[in-house]
Number of protein chains: 2
Amino acid sequence: MTALTEQGREFSTLLVEVFRVNGLLLAAGDELARPAGLTSARWQVLGVVDHGPSTVAQVARAMGLARQTVRQTATSLVRDGMLAYQDNPGDLRARLLVLTPRGRSALRQVERRQAAWANALAARLPLAELCAVSGTLRDLGDLLEGS
Amino acid sequence: MTALTEQGREFSTLLVEVFRVNGLLLAAGDELARPAGLTSARWQVLGVVDHGPSTVAQVARAMGLARQTVRQTATSLVRDGMLAYQDNPGDLRARLLVLTPRGRSALRQVERRQAAWANALAARLPLAELCAVSGTLRDLGDLLEGS
DNA sequence: TCAGCTTTGACAGGTACCTGTCAAAGCTGA
DNA sequence: TCAGCTTTGACAGGTACCTGTCAAAGCTGA
């Protein structure tokens, strides 16, 4: 029987907290996005396209998701009039996604709400702790990616 | 225009890291579970039932998931012979889930692999940092739950 | 006792992710 | 030039989560 070391036990505690906080953050994101008719996933896609017209594949790479996942979200955003397709002179296969006025306005609305929410929450945690946690999580992420 | 404060920006960095690490941990969990014919979700359910025969609703409460989500996973585990239903004398509606020998052996196999993996990873991060991160994430989780 | 609330499993249907396969477009090197 | 590899969108189908609705079982208080 392989048992957990003390470090291993503390690590397991950390796992549970990451899962919990992740779930709560996703719920908070959906909450912030809902009044604008968005979800976290839809909001993220609009955010990437806001940096400039992009193909589905480009957005997927920017977000670290599968091409097909973004395609699904983009299709629903086009259906709802928040994104539009535009011919891509550089590649006949891959049309460009562009924000419509409606998409841009929804995105701005969520961004305002998100900034106010982040500022309020962040003010209740010591800055030094925030930095320390980000750093350690980045190290952990790098370890996990390396393995 | 609501802008991000310095704290708000650092907090946003933290969000991104939590999402990244969460994704990597889920992938690692599926990896650990796959040789035993499990996924992260199936493994978690077996783990709860290992504490004693439970109804679907009890498992869902223990895991913090919707009843229907666990029902779906449990159905597939029963189909695969890892869990079995047993009549519940205490409540005619809700049969008890119990581990089959096959389910127990799959669970033990994943637990061994998981312990070795957690020990190895944890050994590469300072114990003090692990504790600090767990603590801050717990505070953040509590803040998010409170709002 | 028993009416009214709660809990439960079952069913239906939705979102956000994934992989695999295909044909067409684009690219690259001999 | 053009054969062969890569990239792309489209399609199909899978997993893990969710909510809403229903009927039956269980519980509780007057």
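Chain A is the first sequence line, chain B the second, and so forth, proteins listed ahead of strands; every chain is numbered from 1. Hydrogens, waters and symmetry mates are skipped; everything else that's a heavy atom, side chains included, is used.
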- Query: Do the charged groups of B/R20 and B/E17 touch, with an N to O distance under 4.0 Å?
  - Reply: yes
- Message: Taking the basic N atoms (NZ, or NE/NH1/NH2) and the acidic carboxylate oxygens, is any pair closer than 4.0 Å for A/D142 and B/R124?
- Response: no
- Whole angstrom is fine here: how far is it from CZ in B/R34 over to P in C/dT19? 10 Å
- Message: What is the separation between atom CG on B/D87 and atom P on D/dA25, rounded to the nearest whole Å?
- Response: 14 Å
- Task: Map every base of DNA chain D to its dot-bracket character, where paired means a Watson-Crick or G-U wobble contact with both distances under 3.5 Å and | marks a partner outside the strand.
- Result: ||||||||||||||||||||||||||||||
- Task: Can you check each nucleotide of nucleotides 5-18 of chain C against protein heavy atoms at under 4.0 Å and return B for base, S for sugar-phosphate only, - for none, in 5' to 3' order?
- Result: --BBBBB----SBB
- Message: Please give me the minimum heavy-atom distance between B/Q58 and B/S54, naming the atom from each residue.
- Response: OE1-CA, 3.2 Å
- Is the backbone N or O of A/R95 less than 3.5 Å from a side-chain atom of A/T55, with the two atoms forming a donor-acceptor pair by type? no
- Looking only at atom types and distance, does a side-chain atom of B/D91 sit under 3.5 Å from a main-chain N or O of B/L96, one as donor and one as acceptor? no
- Item | Carboxylate-amine/guanidinium proximity below 4.0 Å for A/R108 and A/E111 | yes
- Using side chain to side chain contact (heavy atoms under 4.5 Å, CB included) as the criterion, point out the one residue from A/L14, A/L15, A/V21 that pairs with A/V18. A/L14
- Could you walk me through whether B/V78 and B/L97 pass the side chain to side chain contact (heavy atoms under 4.5 Å, CB included) test, one step at a time? CA-CA 9 Å; B/V78 168; B/L97 290 165; 4.2 Å; yes
